[in-house]
Colleague: 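This is the structure I have questions about; it appears just below.
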Amino acid sequence: MQLRQPGGPLVEIERSVPQPAYGQLLLRVEACGVCRTDLHLLDGELPQAVSPIVPGHEIVARVEAVGPGVSEFSRGQRVGVPWLGHTCGRCAYCLSGRENLCDDARFTGCQIDGGYAEYCVADARFCFPLPEGVDAASLAPLLCAGLIGYRALNMAGDARRIGIYGFGAAAHIVTQVARQQERQVFAFTREGDTESQQFALQLGAAWAGASDEPAPEALDAAIIFAPVGALVPLSLHSLRKGGIVVCAGIHMSDIPAFPYAWLWGERQIRSVANLTRRDGTEFLERVAHQPVHTSVTRFPLAQANQAIARLRAGTLQGAAVLIP
């Protein structure tokens, strides 16, 4: 399912199975999650994107063939492919453990054809081994919604009371991780979205309400998954002194002006940019020992446009996953 140009639909095409080059794996896709980043890609809001492109960066797949120079994976092995698909490995960011900020980074489903397909190729260095005996569709959201949520949660430091704004795929995973760490979660959704609020409470949130409501208690941190800039001052206004607002999306509408007094008191606003391979290794090891439940709605690959429409309309609880 290919995006020929931003603003258009995904189009079903047929082409030859690719061959792995040096350092690459040829992968047969088992499942691929549909991420909010894919909406930004379709809407032309990611300036780094190329066209045409096959989207999809929450890929669960089997190794079909191993390219030259690859020794750490074998044919038939299950692997996961995340958003970060390539870095230079030489710049100051890469050498200091911040490869997520590499200026020459390339991203799966954005500049590298992704998992909205039956087959894809990926740089073996940026693939993760995945467990057997687990439903592929349930694993797919971990590859971005889980990883970005985990990085955002780490950026919140040791915050005990966390507000989560926008209760979609990432939020439903990070809420479970936060509860495992004995943190309190306060879920903020669109006004009137009682279904998402009930979903949050079922996952262990201490409170759920509309995003324009004040938090019932002062927050130690807020994580914003919704791409709405107006949520930054709203969440900031609910923070205690020294608190942190973490903006966890790749794209957000403009942040409106707000009184300096809401920021004063050593409050902070931070953004999450991509992920590192270390994030992936740590998170996947964690969920192997403390599993999380992913709520998924499955769609055949050919119904990718319908899955995107459901995500855009906010009518999904959890994540959409495409099955070739």
Side-chain angles (χ1 to χ4, degrees), residues 1 10 27-39 41-42 54-62 78-83 108-109 114-118 120 128 130-150 152 164 166-180 185 187 189 193 195-205 225-226 248-249 275 280 283-284 286-288 290-324:
M1 297 298 290
L10 297 170
L27 303 174
R28 178 172 51 82
V29 178
E30 291 186 293
C32 185
V34 179
C35 179
R36 182 163 290 278
T37 300
D38 298 336
L39 291 184
L41 176 77
L42 267 65
V54 177
H57 57 272
E58 296 180 331
I59 306 170
V60 178
R62 296 280 180 183
R78 175 180 269 179
V79 300
V81 185
W83 171 248
T108 310
Y116 285 20
E118 294 177 314
C120 66
F128 300 112
L130 291 180
E132 301 290 343
V134 182
D135 175 54
S138 298
L139 288 171
L142 301 180
L143 273 302
C144 184
L147 287 177
I148 292 298
Y150 178 72
I164 295 181
F167 210 85
H172 99 286
I173 295 172
V174 79
T175 293
Q176 296 174 67
V177 176
R179 293 298 301 129
Q180 290 170 355
V185 172
T189 73
D193 188 359
E195 189 174 355
S196 292
Q197 292 166 16
Q198 287 300 314
F199 185 45
L201 294 171
Q202 290 168 12
L203 291 172
F225 291 115
L275 69 140
F283 176 67
L284 292 171
R286 176 184 176 82
V287 297
Q290 290 185 289
V292 296
H293 170 73
T294 54
S295 177
V296 299
T297 302
R298 294 166 172 80
F299 295 84
L301 176 62
Q303 292 182 13
N305 285 306
Q306 291 93 317
I308 288 282
R310 289 278 302 278
L311 177 60
R312 190 186 299 279
T315 59
L316 292 167
Q317 297 303 325
V321 178
L322 301 179
I323 309 295

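Side chains included, hydrogens not; waters and symmetry mates left out as well; all remaining heavy atoms used.
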Colleague: So which atom in L10 and which in P55 form the shortest heavy-atom distance, rounded to 0.1 Å?
Modeller: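 For L10 versus P55, the nearest heavy atoms are CD2-CG, 3.7 Å.
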
Colleague: Quick one: CG on L39 to CG on L311, what's the gap to the nearest 0.5 Å?
Modeller: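 Rounded to the nearest 0.5 Å, the CG-CG separation comes out at 4.5 Å.
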
Colleague: Sequence neighbours excluded, which residues qualify as ring-ring contact (aromatic ring centres under 6.0 Å, His included) partners of F225?
Modeller: none

Colleague: Compare every heavy atom of A117 with every heavy atom of V54, then report the nearest pair and how far apart it is.
Modeller: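 Answer, listing the atom of V54 first, then A117: CG1-CB, 4.2 Å.
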
Colleague: Got a sec, which residues hit side-chain hydrogen bond (donor to acceptor under 3.5 Å, both in side chains) with N305, two or more places apart in sequence or on another chain?
Modeller: none

Colleague: Could you check whether any side-chain heavy atom of E195 comes within less than 4.5 Å of a side-chain heavy atom of Q317, counting everything from C-beta outward?
Modeller: yes

Colleague: Taking CD in E118 as the centre, count heavy atoms belonging to other residues, nucleotides or ligands within less than 6.0 Å. Is the count above 12?
Modeller: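 Not more than 12 within 6.0 Å, no.
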
Colleague: So which of I148, L275, L147 actually passes side-chain contact (heavy atoms from CB on, under 4.5 Å) with W83?
Modeller: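 With W83 as partner, I148, L275, L147 yield a single side-chain contact (heavy atoms from CB on, under 4.5 Å), made by L275.
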
Colleague: Find the distance between CG (L203) and OG1 (T175) and round it off to the nearest 0.5 Å.
Modeller: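 Output value for this atom pair is 6.5 Å.
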
Colleague: Looking at I59 and C32, what are the two nearest heavy atoms and their distance?
Modeller: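 Result for this residue pair: CG1-SG, 4.0 Å.
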
Colleague: Any non-hydrogen side-chain atom of V81 less than 4.5 Å from a side-chain atom of L143?
Modeller: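 A side-chain contact under 4.5 Å is absent here.
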
Colleague: Please report the closest heavy-atom contact between V185 and A178, naming both atoms and the distance.
Modeller: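 Heavy atoms only, the tightest pair is CG2-CB, 3.8 Å.
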
Colleague: Excluding sequence neighbours, so at least two apart, what forms ring-ring contact (aromatic ring centres under 6.0 Å, His included) with Y116?
Modeller: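 For Y116 there are no ring-ring contact (aromatic ring centres under 6.0 Å, His included) partners, ignoring immediate neighbours.
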
Colleague: Could you tell me which residues satisfy side-chain hydrogen bond (donor to acceptor under 3.5 Å, both in side chains) with Q197, sequence neighbours excluded, listed by chain and number?
Modeller: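 Counting only residues at least two positions away or on another chain, Q197 forms a side-chain hydrogen bond (donor to acceptor under 3.5 Å, both in side chains) with T189.
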
Colleague: Which pair of non-hydrogen atoms, one from A302 and one from M1, has the smallest distance, and what is that distance?
Modeller: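 Smallest heavy-atom distance, with atoms named: O-CE, 3.9 Å.
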
Colleague: Minimum heavy-atom separation for E30 and A136, please, with both atom names.
Modeller: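 The pair with the smallest heavy-atom distance is CB-CB, 3.8 Å.
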
Colleague: Step by step, work out the side-chain contact (heavy atoms from CB on, under 4.5 Å) result for H172 and T294.
Modeller: CA-CA 8 Å; H172 99 286; T294 54; 4.1 Å; yes

Colleague: Is there a side-chain contact (heavy atoms from CB on, under 4.5 Å) between R78 and V60 once you walk through the steps?
Modeller: CA-CA 7 Å; R78 175 180 269 179; V60 178; 4.0 Å; yes

Colleague: R286: which residues meet the side-chain contact (heavy atoms from CB on, under 4.5 Å) condition with it, sequence neighbours left out?
Modeller: Y150, V177, Q180, Q181, Q290

Colleague: To the nearest 0.5 Å, what is the distance between OG1 on T37 and CD on E58?
Modeller: 8.5 Å

Colleague: Decide yes or no for L139 and P131: does some side-chain heavy atom of the first lie under 4.5 Å from some side-chain heavy atom of the second?
Modeller: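 Yes - at least one pair of side-chain heavy atoms lies under 4.5 Å apart.
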
Colleague: Once rounded to the nearest 0.5 Å, what's the spacing between atom CZ of R298 and atom CD1 of I323?
Modeller: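 It is 6.0 Å, given to the nearest 0.5 Å.
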
Colleague: Tell me, please, which residues at least two apart from R28 pass side-chain contact (heavy atoms from CB on, under 4.5 Å).
Modeller: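 Expected list: R62, E64, Y119.
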
